[in-house]
Amino acid sequence: IILATGASQFEMLEALVAAGGIDWGKVTAFHLDEYAGLPATHPASFRKYLRERFVERLPAPLAAFHFLDGEGDCRQECRRVGALVSAAPVDVAFIGIGENGHLAFNDPPADFETDEPYIVVRLDDACRRQQVGEGWFRGLEDVPREAISMSIRQILKSRAIVCTVPDVRKAEAVRAALREPVSPRVPASILREHHATTLFLDRESASLVSM
C-alpha cells in the first residue's frame, strides 16, 4: 500500500486502522512524499505523521514500512526507495488532492512523463501556503522549498487508488480535476485515466461539481 498525509487523511487513516480482518503482517507500506531537510522530529514530518497516526496504532506490526528520509542526499534516497517500490507492485494507493490540484508533491505543471518512481520536486507557493494554512508550519519562510515525491506515473501503477478529498478548501481543485481537460496544469485530472480510482468527497469539497 501507499499512504498519503495531511489533514485530508485524518479520518481515512482512522478508518483504515480500525478496519477488521486485515493481516497487517503481510502488508508492506510506502509513503508518497517527504520534505527535503526536515528532521523526523519536526511536527510537519510525514515520517512522524505516519508513525503516530498509522504505524503505532495498528494492532500488529507491518511486514515493512519503507519511510522516505529527506535529511540526506534526496536523489540517492529516491533511487533507494524507488528500487524497493519497483520490486513490490502496489495494490492500493491511499491519496489526496492538494488545494492547487497536486498529487503527492507533484505541483502544476506536473511531470506526467518520468518513469522514475520517486523524484525531487520544487514546491510552488500555493502548496507551501497550504502547509501553513493547515498549521504544520508557523510561516511560509519555514516551509521547505523542495521535497521527495512519488511520481505521477508511479502512482498510476497502483492497482486501485482511493482518493479522499474533504473540505471546502479543496472544492476548486476537485472541480478542475473532474471538469478541466486532463493536463499537467491540473495534476489530479490524470486520475480520470486510471482504471480503478474511487474518489471520496464531502458536501463541501463537492460543492462546485454539478452532477
Side-chain angles (χ1 to χ4, degrees), residues 1-19 22 24 26-34 46 49-50 53-54 62 65-68 81-82 84-119 121 127 130 147-167 169-202 205-206 209 211:
I1 64 174
I2 297 168
L3 295 173
T5 55
S8 68
Q9 303 302 300
F10 289 164
E11 290 175 308
M12 187 284 295
L13 287 174
E14 286 181 6
L16 188 58
V17 167
I22 299 174
W24 291 107
K26 295 181 179 179
V27 177
T28 295
F30 295 83
H31 65 121
L32 276 176
D33 41 28
E34 180 60 282
F46 294 155
Y49 176 112
L50 287 168
R53 293 185 174 273
F54 181 69
L62 294 162
F65 199 125
H66 297 297
F67 289 101
L68 290 165
V81 184
L84 292 170
V85 78
S86 295
V90 174
D91 292 292
V92 188
F94 297 93
I95 67 172
I97 296 174
E99 291 178 30
N100 64 355
H102 71 202
L103 294 180
F105 269 144
N106 297 288
D107 291 334
D111 187 341
F112 278 8
E113 304 302 324
T114 183
D115 285 318
E116 295 297 320
Y118 284 93
I119 56 177
V121 296
C127 171
Q130 177 182 331
I148 296 172
S149 178
M150 182 173 281
S151 68
I152 294 290
R153 289 178 71 111
Q154 181 62 45
I155 294 169
L156 295 179
K157 289 179 182 178
S158 306
R159 290 171 177 155
I161 295 175
V162 174
C163 186
T164 306
V165 195
D167 203 308
R169 296 179 296 112
K170 305 292 183 73
E172 174 54 28
V174 168
R175 185 207 64 78
L178 296 179
R179 296 291 182 256
E180 296 293 325
V182 174
S183 162
R185 302 206 66 81
V186 185
S189 64
I190 196 69
L191 293 175
R192 302 196 329 247
E193 297 188 355
H194 188 266
H195 65 284
T197 291
T198 303
L199 182 63
F200 288 93
L201 307 175
D202 61 10
S205 63
V209 181
M211 305 303 289

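In this chain, numbering begins with 1 at the start of the sequence shown. Everything quoted here is computed from the prediction, not taken from an experiment.
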Asker: May I ask you to decide if A104's main-chain N or O and S149's side chain share a donor-acceptor pair within less than 3.5 Å?
Answerer: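 Side chain of S149 to backbone of A104, a donor-acceptor pair under 3.5 Å: no, none is there.
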Asker: Report the distance from atom CD1 of I161 to atom NE2 of H195, rounding to the nearest 0.5 Å.
Answerer: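 If we round to the nearest 0.5 Å, I161:CD1 and H195:NE2 are 8.5 Å apart.
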Asker: Can you tell me if S86 uses its side chain to pair, donor with acceptor, with the backbone of G82 under 3.5 Å?
Answerer: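 Yes.
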Asker: Show your reasoning for whether salt bridge (Lys or Arg N to Asp or Glu O under 4.0 Å) applies to E116 and R153.
Answerer: CA-CA 8 Å; E116 295 297 320; R153 289 178 71 111; over 6 Å; no
Asker: Could you give the distance from CG (L191) to CD1 (I152), rounded to the nearest 0.5 Å?
Answerer: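 Separation between the atoms: 7.5 Å.
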Asker: Give a yes or no answer on whether the side chain of R192 reaches the backbone of A177 with a donor-acceptor pair at less than 3.5 Å.
Answerer: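 Such a contact is found between R192 side chain and A177 backbone.
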Asker: Quick one: are S8 and T164 in side-chain contact, heavy atoms under 4.5 Å?
Answerer: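 They are not in side-chain contact.
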Asker: Of the options F67, Y118, Y49, which is the one that meets H31 in a ring pair (Phe, Tyr, Trp, His ring centres under 6.0 Å)?
Answerer: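 One option only clears the test, and that one is F67.
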Asker: Under 3.5 Å, side chain of Q130 to main-chain N/O of E99, donor-acceptor pair present?
Answerer: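 Flag set: sc Q130 to bb E99 pair under 3.5 Å.
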Asker: Which heavy-atom pair separates V186 from F112 by the least distance, and what is that distance?
Answerer: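 Looking at all heavy atoms of both residues, the shortest contact is O-CZ, 4.5 Å.
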Asker: Whether the side chain of N106 engages the backbone of M150 through a donor-acceptor N/O pair (distance < 3.5 Å, no angle test) should be reported.
Answerer: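 At least one qualifying donor-acceptor pair exists.
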Asker: Going from CD on E14 to CD on E11, what distance comes out if it is rounded to the nearest 0.5 angstrom?
Answerer: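 Separation between the atoms: 6.5 Å.
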Asker: Considering only heavy atoms from C-beta outward, does the side chain of D111 approach that of S151 to under 4.5 Å?
Answerer: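 Side-chain contact under 4.5 Å: no.
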Asker: Could you pull out the closest heavy-atom pair between D107 and C127, with the gap in Å?
Answerer: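 The pair with the smallest heavy-atom distance is OD2-CB, 3.4 Å.
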Asker: Between A147 and F105, what is the shortest heavy-atom contact and its length?
Answerer: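 It is CB-CD1, 3.4 Å.
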Asker: For a 4.5 angstrom cut-off between non-hydrogen side-chain atoms, does D33 reach V121?
Answerer: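 Not in contact.
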Asker: Treating H194 as the side-chain partner and I155 as the backbone partner, does any N or O pair qualify as donor plus acceptor under 3.5 Å?
Answerer: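 Not a single qualifying donor-acceptor pair exists.
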Asker: Identify the two heavy atoms, one from W24 and one from L16, that lie closest to each other, and give their separation to 0.1 Å.
Answerer: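 Where W24 meets L16 most closely, the heavy atoms are CZ2-O, 3.6 Å.
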Asker: Applying side-chain contact (heavy atoms from CB on, under 4.5 Å) between T5 and each of L50, L13, L32, report the one that passes.
Answerer: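 That would be L50.
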Asker: About how many Å separate OG1 of T114 and CD1 of I119, when rounded to the nearest 0.5 Å?
Answerer: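 Atom-to-atom, I119:CD1 and T114:OG1 are 6.0 Å apart.
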Asker: Mark yes or no for whether E34, through its side chain, and I148, through its backbone, hold a donor-acceptor pair below 3.5 Å.
Answerer: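 Checked: no pair found.
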Asker: Side chain to side chain contact (heavy atoms under 4.5 Å, CB included) for L84 and T28? Distances and angles first, verdict last.
Answerer: CA-CA 10 Å; L84 292 170; T28 295; over 6 Å; no
Asker: Check step by step if side chain to side chain contact (heavy atoms under 4.5 Å, CB included) holds for L103 and I97.
Answerer: CA-CA 6 Å; L103 294 180; I97 296 174; 4.1 Å; yes
Asker: So how far is it from S205 OG to F200 CZ, rounded to the nearest 0.5 Å?
Answerer: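 S205 atom OG to F200 atom CZ measures 12.0 Å (nearest 0.5 Å).
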Asker: To the nearest 0.5 Å, how far apart are CZ in F30 and CD in Q154?
Answerer: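 It is 8.5 Å, given to the nearest 0.5 Å.
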Asker: Determine whether a donor-acceptor pair (N or O, by modelled atom type, separation under 3.5 Å) exists between the side chain of H102 and the backbone of P187.
Answerer: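 The answer is no, because no donor-acceptor pair under 3.5 Å joins these two groups.
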Asker: Mind telling me whether F65 and F54 have parallel, tilted or perpendicular rings, with 30° and 60° as the class edges?
Answerer: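 Perpendicular.
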